[in-house]
Amino acid sequence: MRPTYVAAIDQGTTSTRCLLFDREGRMVSVAQQLHRQHYPQPGWVEHDAEEIWQLVCRLVPQALADVDAAPDQIAGLGITNQRETTVVWDRVTGLPVAPAIGWQDTRTSACLSELTSDFDPAELTRRTGLPLAGYFSGPKLRWILDSDPALRHRAERGELLFGTMDTWLVWKLTGGLHVTDVTNASRTLLMDLETLRWDDELLACMHIPREMLPEIRPSMGSFGTTRHPIDGIPVCALVGDQQASLLGQTAFEPGQAKCTFGTGSFLLMNTGTELVRSRSGLITTVAPSVEGEETVYALEGSVAVAGALVEWCRNSLGLIRHPAEIETLALSVEDNGGCYVVPAFAGLYAPYWEPAAQGVIVGLTSYVTKGHLARAVLEATAWQTKDVVDAMNADAGVPVSFLAVDGGMTSNNLLMQAVADVLDVPVQRPMMAESVALGAAYAAGLSAGYWPDRSLLRSHWHRAAEWRSSMTAEHRREQLSQWREAVELSIEWGRRTSPGR
Ligand SMILES: Nc1ncnc2c1ncn2[C@@H]1O[C@H](COP(=O)(O)OP(=O)(O)O)[C@@H](O)[C@H]1O
Ligand SMILES: O=P(O)(O)OC[C@H](O)CO
């Protein structure tokens, strides 16, 4: 009998991958390619959705060809994606009508209250689980429609479609199915978190025509069959990348948490069927869902800039030539030399939600070298994780007692040690660090009956590395207090220099 596999498309912020997994959850094939990042103005981040689709057209056949797999050997395909990134396209030509606005883009931050027609922000948070922030798709979509009266006119006539990357890709793959899943819809500021439906009042206040919105479905189910670039693969799951990694890490029980360190970092805790409303600056979001089963929710601490700061050190400062070199540079010194970096490039997300905050480097003296700066860059990710975990401990009722990690930055041992040091809990990385893609494959495989149930998937999780704190409590307290001073300065500086934001 020929082997069968489950496929995942992982459409991330910096790259797109197609991966195949076998029944033991082993990755048997991966094809990956970067796409371009466009920064046309300060704070703006755009992607070309057509370029991303063209990559998918190359990567899917490549991943299958690498193991000589035919389409009928793929039990199901799961699509996982960078969330919130907003695409608008022409229903007939299938071409985007504007650049996709990336999730980190801050263009809507200054006019949020205007974009939401002064809808009571507390009520908006109550309905959607989200703070009023430019991070989410609704304001980005409104911005696109407001940017050109012809686009709004066409959207009102039903000629244009909106989607996040899941929707865009499934529409292209199937030749026209216009759907999204609850995890992605929960990031728009347009979905009611209890009914899991588009909220007409929110649509009206953001001036968004309902005709352009996809149908919201559970994450696992039937999403048609591919027609492009290969015919005949059943699409069995759509799920936002951070919720997918919750599944990939097998965090099935309430209280289990994971953190993915990529462009940004995203810590999610499964809260079970209880919809926990944060009082400490976290987001309430939906975990991957199954038709007919009770909705499972999660609390999330989103941090906009983690690996993106390492990219900045390479692309804008020329401090390193490859992300991995940041660790070597940081290891050239003993500590941060008194230096702290607050990377508020997109304002600050959780738990602060300060759109005005701007990046600062503090503690500079002639003693500070590029090695100290590299340490401070890595520590910025560790401290931002600490801020989120403190909020999680205050909100969730169950403290984070160990943290499962994944994502591109977890190959950095110094960073993982720093995370364990500041959190004072064990940090564990699984053998299969592609938890996002694995989660999408699990979702598709469960939906297709490739795996009978979730319990079996736990046996695939094997610990590859563990870090435990070696920092004294006193040292942690001192450094935390300096980090928080630096955060205050970042907020204060932004408020004084750009009062409109
Ligand atoms: N060894 C490393 N040390 C620090 N950062 C790294 C390292 N390797 C990769 N990164 C960072 O991780 C990010 C890529 O991780 P990935 O999980 O692929 O992200 P995404 O899904 O957001 O595209 C980049 O921002 C990169 O700078
Ligand atoms: O593509 P990633 O891993 O940077 O994830 C981006 C998040 O989904 C944004 O909310």
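Numbering of residues begins at 1 and proceeds along the displayed sequence. One-based numbering, in listed order, for ligands and for the atoms of each. From a predicted model like this one, the values you see are computed outputs, not experimental measurements.
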(request) Tell me, please, which residues at least two apart from Arg375 pass side chain to side chain donor-acceptor pair (under 3.5 Å). (result) none

(request) Only counting residues at least two apart or in another chain, list the ones meeting side chain to side chain donor-acceptor pair (under 3.5 Å) with Asn81. (result) Asn184

(request) For ring-ring contact (aromatic ring centres under 6.0 Å, His included), just list the numbers for Trp461 and Phe252, CA-CA rounded to whole Å, side-chain angles, deciding distance to a tenth of an Å, and then say yes or no. (result) CA-CA 13 Å; Trp461 198 100; Phe252 303 141; over 10 Å; no

(message) For a quick check under 3.5 Å, do Gln243 and Arg83 share a side-chain donor-acceptor pair by atom type?
(response) yes

Below 3.5 Å only, please: the N or O atoms of ligand 1 paired with protein N or O atoms, distance on each line.
residue: ligand 1; atom: 1 (N); partner: Ser411; partner atom: OG; Å: 3.4
residue: ligand 1; atom: 3 (N); partner: Asn412; partner atom: ND2; Å: 3.0
residue: ligand 1; atom: 8 (N); partner: Gly408; partner atom: O; Å: 3.4
residue: ligand 1; atom: 17 (O); partner: Gly408; partner atom: N; Å: 2.9
residue: ligand 1; atom: 18 (O); partner: Arg17; partner atom: NH2; Å: 2.9
residue: ligand 1; atom: 22 (O); partner: Thr263; partner atom: N; Å: 3.0
residue: ligand 1; atom: 22 (O); partner: Thr263; partner atom: OG1; Å: 2.5
residue: ligand 1; atom: 23 (O); partner: Thr14; partner atom: N; Å: 3.1
residue: ligand 1; atom: 23 (O); partner: Thr14; partner atom: OG1; Å: 2.5
residue: ligand 1; atom: 25 (O); partner: Gly307; partner atom: O; Å: 3.2
residue: ligand 1; atom: 25 (O); partner: Glu311; partner atom: OE2; Å: 3.4
residue: ligand 1; atom: 27 (O); partner: Gly307; partner atom: O; Å: 3.3
residue: ligand 1; atom: 27 (O); partner: Glu311; partner atom: OE2; Å: 2.8

(message) Quick one, Leu203 with Leu213, criterion side chain to side chain contact (heavy atoms under 4.5 Å, CB included). Give me CA distance, side-chain angles, the key distance, then yes/no.
(response) CA-CA 10 Å; Leu203 293 181; Leu213 297 182; 3.4 Å; yes

(request) Give a yes or no answer on whether the side chain of Glu325 reaches the backbone of Ile320 with a donor-acceptor pair at less than 3.5 Å. (result) no

(message) side-chain hydrogen bond (donor to acceptor under 3.5 Å, both in side chains) for Thr80 and Asp241? Distances and angles first, verdict last.
(response) CA-CA 5 Å; Thr80 184; Asp241 58 5; 5.5 Å; no

(message) Tell me which one of Thr108, Val87, Ile144, Val88 satisfies side-chain contact (heavy atoms from CB on, under 4.5 Å) with Ile101.
(response) Ile144

Below 3.5 Å only, please: the N or O atoms of ligand 2 paired with protein N or O atoms, distance on each line.
residue: ligand 2; atom: 1 (O); partner: Thr13; partner atom: N; Å: 2.9
residue: ligand 2; atom: 1 (O); partner: Thr13; partner atom: OG1; Å: 2.7
residue: ligand 2; atom: 1 (O); partner: Asp241; partner atom: OD2; Å: 3.1
residue: ligand 2; atom: 3 (O); partner: Asp241; partner atom: OD2; Å: 3.3
residue: ligand 2; atom: 4 (O); partner: Thr13; partner atom: OG1; Å: 2.8
residue: ligand 2; atom: 5 (O); partner: Asp241; partner atom: OD2; Å: 2.7
residue: ligand 2; atom: 5 (O); partner: Gln242; partner atom: NE2; Å: 3.3
residue: ligand 2; atom: 8 (O); partner: Arg83; partner atom: N; Å: 3.0
residue: ligand 2; atom: 8 (O); partner: Arg83; partner atom: NE; Å: 3.0
residue: ligand 2; atom: 8 (O); partner: Asp241; partner atom: OD1; Å: 2.6
residue: ligand 2; atom: 8 (O); partner: Asp241; partner atom: OD2; Å: 3.3
residue: ligand 2; atom: 10 (O); partner: Arg83; partner atom: NE; Å: 3.3
residue: ligand 2; atom: 10 (O); partner: Arg83; partner atom: NH2; Å: 3.1
residue: ligand 2; atom: 10 (O); partner: Glu84; partner atom: OE1; Å: 2.6
residue: ligand 2; atom: 10 (O); partner: Glu84; partner atom: OE2; Å: 3.3
residue: ligand 2; atom: 10 (O); partner: Tyr135; partner atom: OH; Å: 2.7

(request) Could you please spell out the steps behind the ring-ring contact (aromatic ring centres under 6.0 Å, His included) verdict for Trp168 and Trp89? (result) CA-CA 9 Å; Trp168 165 243; Trp89 68 96; 5.1 Å; yes

